[in-house]
Amino acid sequence: MVLKTKSDISRRLLRWFKAHGRDLPWRSAFSPYTVWVSEIMLQQTQVETVIPYYRRFLSSFPTIQALAKAPQDLVLKQWEGLGYYSRARNLHRAAKQVVEAFNGRFPDQMDALITLPGIGKSTAGAILSLAYNQPFPILDGNVKRVLTRLFALRALPGAGLDKILWAYSASLVPSDARSFNSALMDLGATVCRPRNPVCGLCPLKTLCQGFEQHLQELLPLKKKRGPLPLRVQSALVIWKNKRVFIRKRPVKGLLGGLWEFPEEAIKKANLTGGTKRLEIYQNLGFQVNVGEAILKIRQTFTHFKLELHIFNAEYHSGSPPRDKNHRWVSLAGLREFPFSASHKKIVEALSG
DNA sequence: AAATCGGGGAT
DNA sequence: ATCCCAGATTT
């Protein structure tokens, strides 16, 4: 009975996929490199957002050797605006590892794949199934939702539920894992959607326990999170002889490796008391005269909200550290450096 | 187990 | 405004 249902599910899904599967840029070649790049970009990021980045990235780095040889600033520049920049740094590191430790040969085994930075169990399963057509399961947001509904799993999110979902995903994968896993993701994205699932168009409708129990809108269960804390910060556009000062953020942590106009936390009171503005900057290493506010930017991050106040400033005295992480750059030169979305808006405000 | 890590699309 | 996206890594 269970075996019959299993083959029933894969048969229905594969037939549906032939007629309704998405035509996506990374589904033309199935080379390990392009599958890998797409999988990393697609982590926590929607397909439509990824597509232009994917094209540009492969245009800049057509091979894993080209990626391995590239400077990190250029890799981050191609990633600029996509978010979760550790993905880009890990992708770059992993490319070097494959070129050096694996002689340029992309691994085709689970144990080797998960040694590469940025590749966890699900991305490894995706690479093995999509690039090599090996029968490995995946468990992304789409698959979690489809399986949770299909088997009416009422557990709260967490390790316990994940273990059950991995077991279901593994039990369902047929020999044509490439098409099956693609179909599972497409079904989740286009039919078994988070809100307003289109159960009338679902090939698994008659097998779906969630639909049978009218739970499709309630599943998967989610835990609610509290309000995000607000961080108020300032950034300075410091001028000196038609150039502006930028520095590189630490490679670890938030927006790691990106460049910025010096940014620090401030208290809201310091925004209004004109003369207090000189006290805003503690760690700059040199003295400036702070001018008027020129821009205010709000940005929501995963775990906090940012309110960023940008001020014009003029170099006064002293000197910043003389290393490659601190630069005076012309307006035209700013285009070479990778910035976060917020600081990209500052660049645009200065240029436009 | 919980926190960290971006930015935007959809509603 | 909220939810969530082809998750991984660190704490």
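Lettering follows sequence order; numbering is per chain, from 1. Values below: all heavy atoms of this structure, side chains included; hydrogens, waters and symmetry mates excluded.
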Exercise for review: Write down the distance between CG (A/Leu42) and C1' (C/dC5), rounded to a whole number of angstrom.
Suggested key: 9 Å
Check your understanding: If you draw a 6.0 Å radius around CZ in A/Arg22, do more than 12 non-hydrogen atoms from other residues or ligands fall strictly inside?
Key -> yes
Check your understanding: How close or far is atom P of C/dC3 from atom CD of A/Glu217, stated in whole angstroms?
Key -> 15 Å
Point to revise | Pairing of A/Arg27 and A/Asp186 as salt bridge, 4.0 angstrom limit | key: yes
Practice item. Using the P atom as the reference point in each nucleotide, state the distance between C/dA6 and B/dT11 in Å, no decimals. Key: 14 Å
**Study point:** Under 4.0 angstrom between A/Tyr85 side-chain N/O and B/dG7 OP1 or OP2
**Key:** yes
Check your understanding: Hey, are A/Lys345 and A/Glu348 close enough for a salt bridge, meaning a charged N less than 4.0 Å from a carboxylate O?
Key -> no
Check your understanding: How long is the line joining CD1 of A/Ile119 and C1' of C/dA8, in whole Å?
Key -> 11 Å
Practice item. For C/dC5 versus B/dG6, give the span between their C1' atoms, rounded off to a whole number of Å. Key: 12 Å
Check your understanding: Can you tell me how far P of B/dA3 sits from CZ of A/Arg225, to the nearest Å?
Key -> 12 Å
Exercise for review: Verify the ring-centre separation between A/Phe261 and A/Phe339: is it less than 6.0 angstrom?
Suggested key: yes
Revision key, fill the gap. By nearest-heavy-atom nucleotide on DNA chain B, the more 5' of A/Gly158 and A/Arg195 is A/Gly158
Exercise for review: Establish, with yes or no, whether the OP1 or OP2 oxygen of C/dT11 is under 4.0 angstrom from a side-chain nitrogen or oxygen of A/Lys252.
Suggested key: no
Review point. If you take atom types as modelled and just measure distance, does the side chain of A/Thr302 reach the base of B/dG6 with a donor-acceptor pair under 3.5 Å?
Key: yes
**Study point:** Any A/Arg193 side-chain nitrogen or oxygen under 4.0 Å from OP1 or OP2 of B/dA10
**Key:** no
Point to revise | Distance, rounded to the nearest Å, where A/Leu116 contributes CG and C/dA8 contributes C1' | key: 13 Å
Point to revise | Which residue lies more 5' along DNA chain C, comparing A/Pro117 with A/Glu39 via nearest heavy atoms | key: A/Glu39
